[in-house]
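Written out below as structure tokens is the structure these notes cover.
Both backbone and side-chain heavy atoms feed into the values below; hydrogens, waters and symmetry mates do not.
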2 protein chains.
Amino acid sequence: MARAGLTTERVVVAAADLADEVGFAHVSLSALARRFGVKDASLYSHVKNLDDLRTRIAFLAGAEMIDRIAEAVAGRAGQDALAAFADAYREYALEHPGRYAATQIRIDQSLAASSPAFARTAEVTYGMLRAYGLDEPDLTDAVRLLRSTFHGYCALEATGAFGASRDVRTSWTRAVAALHVTLEHWPREASTS
Amino acid sequence: MARAGLTTERVVVAAADLADEVGFAHVSLSALARRFGVKDASLYSHVKNLDDLRTRIAFLAGAEMIDRIAEAVAGRAGQDALAAFADAYREYALEHPGRYAATQIRIDQSLAASSPAFARTAEVTYGMLRAYGLDEPDLTDAVRLLRSTFHGYCALEATGAFGASRDVRTSWTRAVAALHVTLEHWPREASTS
DNA sequence: GGTTCTTGCCTAGACGCCCTAGGAAAGACT
DNA sequence: AGTCTTTCCTAGGGCGTCTAGGCAAGAACC
């Protein structure tokens, strides 16, 4: 019988595609095996188990996403960089809902630390904020605010939590603009009540 | 054989408790039945199926949550009201991770519209924002920004996405303070570029 | 108090998904 | 050609969802 030519890489990419189509929660080894024309037991040579597969999708998505963001941010600074970062983030989340959902799973802290994508994400994010002249611990607070807003908006938009009344893109643009103003006038740590 | 005394209400509450303990994604009818000392098929008299159960948990959680928020906001205005709203929101999400996760599932728009909790949520939220004097469509944009930040922060905190370095409560307080400033200086629609 | 009716919980069973153990054969290497 | 490695297989157990049909607990009636 001709072999399907599976590799861990191919399996994970196919799983990520499947996630984008049917939703991350509905990714199953059975469905994936069906897609390859293979029995589900065969996949266990390439992936430890379902949890391992999910983690691998998360790392794949994280790497893809930060690549797109880094490219968008390159050569920009200040509000320009922030807007580029935000739009690239949201576009990835909308284009790849399954992959994006994967990035939100709980990942072992030490495992995450060893990933180049995580380091790169921190680097790009903090780099983008450099123009605002914040120092620690303000910087961490600001990053947390940004991540929260970006993720929250995309998550809510993806689940259809926003009514259709007002254009979703416009609200996004204005939210990002508001964040820019917030960053410019960020109260320094000493002034916290 | 003595009956377990199941009702839809009791089943849903037990399911919500189970969700808080093991995570919303791991709520199963089997586990729930086990908890009641009952066969899983028995639950189908009280709940249509797993999806129905999940939706009911979501409505329960949504109602509980807005009750807590409304109580916290009552009698406050401006920054006070915003902080009370935000803290009540976050506390609920942290105390009841499973219930909170349930509120994030996709719910049929018309089904949601018929829920009193949804109307109440809109009422309380828009009421809290009254002090900032915003009109539509700015109001909708502002609500979307608030929801995004609140949800994003809680979701990231819940999945352990924030490193342990900086106190999570402090970052939250400062994020809420930043939102207050943003709302006070919200650029009116006409001035949008 | 007995009879009837409703309905709560049951058994039985189909089907899907996760995962392990062990076997067969395709393709690489000598 | 013979050997080795690796890929994919079959077989099977465990757990989860869900349906169909049955029995008996407890309420409702006489």
Flag yes if more than 12 heavy atoms outside Glu21(A) fall under 6.0 Å of its CD atom; otherwise flag no. yes

Can you confirm if the NZ or CZ of Arg144(B) lies within 45° of the ring axis of Phe162(A) and under 6.0 Å from the centre of its six-membered ring? yes

Residues Arg34(A) and Asp40(A) bridged, charged N to O under 4.0 Å: no

Short side-chain N/O contact from His46(B) to OP1 or OP2 of dC9(C), under 4.0 Å: yes

Between CG of Asn49(A) and P of dC17(C) the distance, given in whole Å, is 17 Å

Ring-plane angle category for His96(B) and Tyr92(B), please: parallel below 30°, perpendicular beyond 60°, tilted otherwise. tilted

Should Asp17(A) and Arg35(A) count as an ion pair when the cut-off is N to O under 4.0 Å? no

Lys39(B) atom NZ is separated from dG13(C) atom P, nearest whole Å, by 15 Å

Could you tell me whether the phosphate oxygens of dC9(D), OP1 or OP2, come under 4.0 Å of any side-chain nitrogen or oxygen in Ser42(A)? yes

Taking CG from Leu32(B) and P from dC9(C), how many angstroms apart are they, rounded to a whole number? 13 Å

Starting at atom CG of Leu6(A), determine the distance to atom C1' of dC9(D), rounded to an integer number of angstrom. 13 Å

Give each protein N/O atom lying under 3.5 Å from an N/O atom of nucleotides 13-16 of chain D, with the pair distance.
from, atom 1, to, atom 2, distance (Å)
dG16(D), OP2, Arg34(B), NH2, 2.6

Return the minimal non-hydrogen interatomic distance between Arg120(A) and Ala70(A), and the atom names on each side. NH2-CB, 3.4 Å

With the threshold set at under 4.0 Å for non-hydrogen atoms, list the residues of residues 10-18 of chain B touching DNA chain D in residue-number order. none

Spatial distance of atom CZ (Arg166(A)) from atom CZ (Arg174(A)) [nearest 0.5 Å]: 6.0 Å

Minimum heavy-atom distance Ala83(B)-Val176(B), with the two atoms named: CA-CG1, 4.1 Å

So which nucleotide from dC9(C), dC9(D), dC18(C) ends up closest to the side chain of Tyr44(A)? dC18(C)

